[in-house]
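Chain naming here is simple, since letters A, B, ... match the order of the sequence lines and numbering starts at 1 in each. Hydrogens, waters and symmetry mates are skipped; everything else that's a heavy atom, side chains included, is used.
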Amino acid sequence: MTILIENTRTGRKEVFEPRNDPVRMYVCGMTPKDLPHLGHAFMFIHMDVIRRYLEYSGYSVHHVQNFTDIDDKIIDRAIKADRDPMDWSQEHTEAYFKVMDRLKVLRAHEFPRVTESIPAIIQDVQQLIRSGHAYVTSTGVYFDAGSFPTYGELSGRTSDDGLAGARVAVDEEKKDVRDWALWKVDSTGPIGWESPWGRGRPGWHIECSTMIQETLGSHIDIHGGGIDLVFPHHENEIAQAEAATQETPFVSYWTHTGLILTDGEKMAHSSGNFTTVTDVLSKVAPDVLRLYLLSVHYRSPLHFSALALQQTKTGYERLLGVLRTRGQDESPDNNALSKSGLEIRKTFESSMNDDFNTPRAIGAIYEFGRTINRLAPTSSVTNVTEAKNIFIELLEVLGITLYEPETNSSNIEPYINMLVAVRQQLREANKWDLADQIRDDLADLGVIIEDTADGTDWRLA
RNA sequence: GGCGACGUAGCCAAGUGGUAAGGCAGGGGUCUGCAAAACCCUUAUCCUGGGUUCGAUUCCCAGCGUCGCCUCCA
């Protein structure tokens, strides 16, 4: 079974053949300047599923994800809030963990931070200057794009024609408009480190190149991030890393996730039109949000819609319903369900093998749920349990752990049981009005009553 | 201006050169004291106009529309 991954660099689906064991995977993390929004959730959840699926497929994965915990925006935001920039980014780094843990995004094995990588960054910049790929000006150190012949390959900007009408700030000292800062000299700012070029801080792109080399080495198998990072960030990362190490290509597979759109435009901190993850999680369970975000292919844009989210919630409740399905004690074992389980696993895997097609995989899981419900009345308890285990296992690969809402105070249970028992007596006495009244009243309190052939079940809404 | 993505049912969303997964909603049933849950049946010819082909929603061209990158961005 081979896995195909669409590689941004080539624009094609390629057979996944990692060069490293464990697989080296780097995901561009957040600049912790504000709370994580749905766009972050989309990217990190899809990257999480890629990692989970590789692990499901038998690979070991070494996953590294950075925090760009100091940059111009963080400093701006902190100053405006009259806060220390380091505290500000630390606070938002913690917010990231809090939210992503709730979303069951597996933690990376390492989380390098810019502020902890300054010496290595300075070394890398020195190395780039020595090798003629960078030069010093009065404002800092710049990478010389012209010194890297394949600059622009990732994003398809192989010539500088495209920059003609671009809004690029003019800097007289820069040799080329494409050049970018590796080190920004800043003698008076609130945050700075000493360097051979004066007190200052790293430019935006160099940190990723450095931290990748520090944690994973000169070659990695998978590099992920949002598609808005392709240019210039990832383009520059390639130039910096490959110019320094001569390792080409330093990334085997570039994977980029589509953007979340809201009100017809990209969700972003900078434009202010973002919905925080925490906000959404106050309305739906983490699993529902995951299911919603995974119901679109990772490369596609997603127009956030509160209506679609609600629709997903209803669908999710159907998945939960599958867990309540029971086989028949007196039914003999038969292989109908296990056969279906094998088929569904195959469909699931072929979907995921095809560039991690989560929407198709989810479709297969829904179908399997329906099959379980349909066959349960004529299947043994063992058959149904086995099928449900596959159902649960496949959802787990997507990071979705089905669970019933917890009874927050377990001592309400005897009272509900008592009401159910009383209601049962009323039903046996044909006092339907009273029995229905109890059912309705409990429903108002968030307790769902369902009468089945085997008796009455209840659960919390 | 340059580069790129997308346009599939009421909503969300897969997919294929030979008449289109799945979810939600709707309609009709089965089951149930009623209901709920569950199950069954049912609801699209794929933006427009050309072209290639025996045949295109799927390939090519043009147009219209939406979005992204080129500045910070996941």
Side-chain angles (χ1 to χ4, degrees), chain A residues 8 11 27-31 33-34 36-44 46-47 68 71-73 76 152 155-169 177-178 204 224-233 235 256-261 264-271 274 291-292 295-297 299-303 305 307-319 321-322 324-325 347 351 354 357-367 369-377 427 430-433 435-436 439-440 443 448-453 456-457 459:
Chain A
T8 307
V27 176
C28 261
M30 277 189 74
T31 299
K33 61 176 178 290
D34 207 329
H37 63 235
L38 286 176
H40 299 115
F42 183 80
M43 195 278 275
F44 291 121
H46 274 282
M47 288 297 153
T68 300
D71 87 329
D72 297 4
K73 294 280 175 178
D76 289 350
S155 56
R157 290 158 216 261
T158 45
S159 75
D160 52 6
D161 296 348
L163 290 167
R167 295 158 291 174
V168 176
V177 287
R178 299 177 302 170
W204 175 33
I227 200 166
D228 53 347
L229 294 183
V230 172
F231 188 92
H233 187 241
E235 196 69 72
H256 289 104
T257 55
L259 303 175
I260 297 264
L261 308 172
E265 70 169 15
K266 179 175 130 180
M267 183 176 288
H269 281 152
S270 51
S271 50
F274 62 93
L291 190 60
Y292 173 63
S295 69
V296 181
H297 185 79
R299 285 194 168 264
S300 302
L302 186 155
H303 291 82
S305 149
L307 175 63
L309 183 64
Q310 277 309 117
Q311 293 177 340
T312 302
K313 186 179 178 184
T314 311
Y316 177 73
E317 278 158 12
R318 236 161 83 67
L319 296 179
V322 175
R324 296 195 295 270
T325 303
T347 304
S351 302
D354 185 10
N357 194 325
T358 52
R360 214 159 75 199
I362 289 169
I365 289 172
Y366 269 107
E367 269 190 299
R370 180 153 30 84
T371 302
I372 293 172
N373 284 333
R374 187 177 59 238
L375 297 182
R427 293 178 71 214
N430 289 338
K431 295 186 174 169
W432 307 118
D433 286 354
D436 291 352
R439 183 172 63 198
D440 292 347
I448 296 169
I449 296 292
E450 289 179 2
D451 298 321
T452 73
T456 298
D457 291 334
R459 63 193 157 88

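In a base pair of the Watson-Crick type (N1 to N3 plus N6-O4 or O6-N4) or a G-U wobble (N1-O2 and O6-N3), with each distance short of 3.5 Å, B/U53 is matched with no nucleotide. Pair assignment for B/U32: none, as no Watson-Crick or G-U wobble contacts are both less than 3.5 Å. Under the Watson-Crick or G-U wobble criterion, with both distances below 3.5 Å, B/C3 is paired with B/G68. The partner of B/A62 is B/U48, judged by Watson-Crick or G-U wobble contacts that both fall below 3.5 Å.
Distance, A/F42 CZ to B/C67 P: 18 Å, rounded to whole Å.
Comparing B/G10 with B/A25, their C1' atoms sit 7 Å apart, to the nearest whole Å. B/U43 and B/A35 have their P atoms separated by 26 Å, with the value rounded to a whole Å. Taking atom P on both nucleotides, B/G15 is separated from B/U58 by 15 Å, rounded to a whole Å. With both ends at atom C1', the span from B/G18 to B/C59 equals 15 Å, rounded to whole Å.
Using a 4.0 Å heavy-atom cutoff across all strands shown, A/H256 reaches no nucleic acid atom at all. No engagement by A/M47 is indicated, since no non-hydrogen atom pair under 4.0 Å with the nucleic acid exists. The residue A/P359 sits close to a base: some heavy atom pair falls under 4.0 Å. Backbone-only engagement by A/E265 is indicated by non-hydrogen atom pairs under 4.0 Å involving sugar-phosphate atoms exclusively. Using a 4.0 Å heavy-atom criterion, one finds that A/G264 contacts the sugar-phosphate atoms exclusively. Among the protein residues, A/S305 comes within range of no part of the nucleic acid, since none of its heavy atoms lies under 4.0 Å from any strand. If you check every strand for non-hydrogen atoms under 4.0 Å, A/G39 touches a base. Backbone-only engagement by A/S300 is indicated by non-hydrogen atom pairs under 4.0 Å involving sugar-phosphate atoms exclusively. Using a 4.0 Å heavy-atom criterion, one finds that A/T31 contacts the sugar-phosphate atoms exclusively. Residue A/G11 is classed as having no contact, given no heavy-atom separation below 4.0 Å to the nucleic acid. Within the nucleic acid shown, A/L307 comes within 4.0 Å of sugar-phosphate atoms alone, with no base atom in reach, counting heavy atoms only. Heavy atoms of A/L302 sit nowhere under 4.0 angstrom from any nucleic acid atom.
Taking the nucleotide of RNA chain B with the nearest heavy atom to each of A/Y366 and A/Y292, the more 5' of the two is matched to A/Y292. Annotation: of the two residues near RNA chain B, A/V296 and A/V230, the 5′-most nearest-nucleotide partner is A/V296.
Between the base of B/G22 and the side chain of A/E367 there is no donor-acceptor pair shorter than 3.5 Å.
Distances shorter than 4.0 Å separate none of the side-chain N or O atoms of A/K266 from OP1 or OP2 on B/U71. Taking 4.0 angstrom as the limit, A/K431 places none of its side-chain polar atoms (N or O) nearer than this to OP1 or OP2 of B/G33.
Evaluation of the side chain to side chain contact (heavy atoms under 4.5 Å, CB included) rule for A/S270 yields A/A268 as partners, not counting sequence neighbours.
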Under 4.0 Å protein heavy-atom contacts per nucleotide of nucleotides 34-43 of chain B, with B for base, S for backbone only and - for none: BBBSSSS---
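Side-chain contact, A/T8 with A/H256: a donor N or O sits under 3.5 Å from an acceptor N or O.
Stacking between A/W432 and B/G33 is shown: the ring centroid lies under 5.5 Å from the centre of the six-membered base ring, and the planes differ by under 30°.
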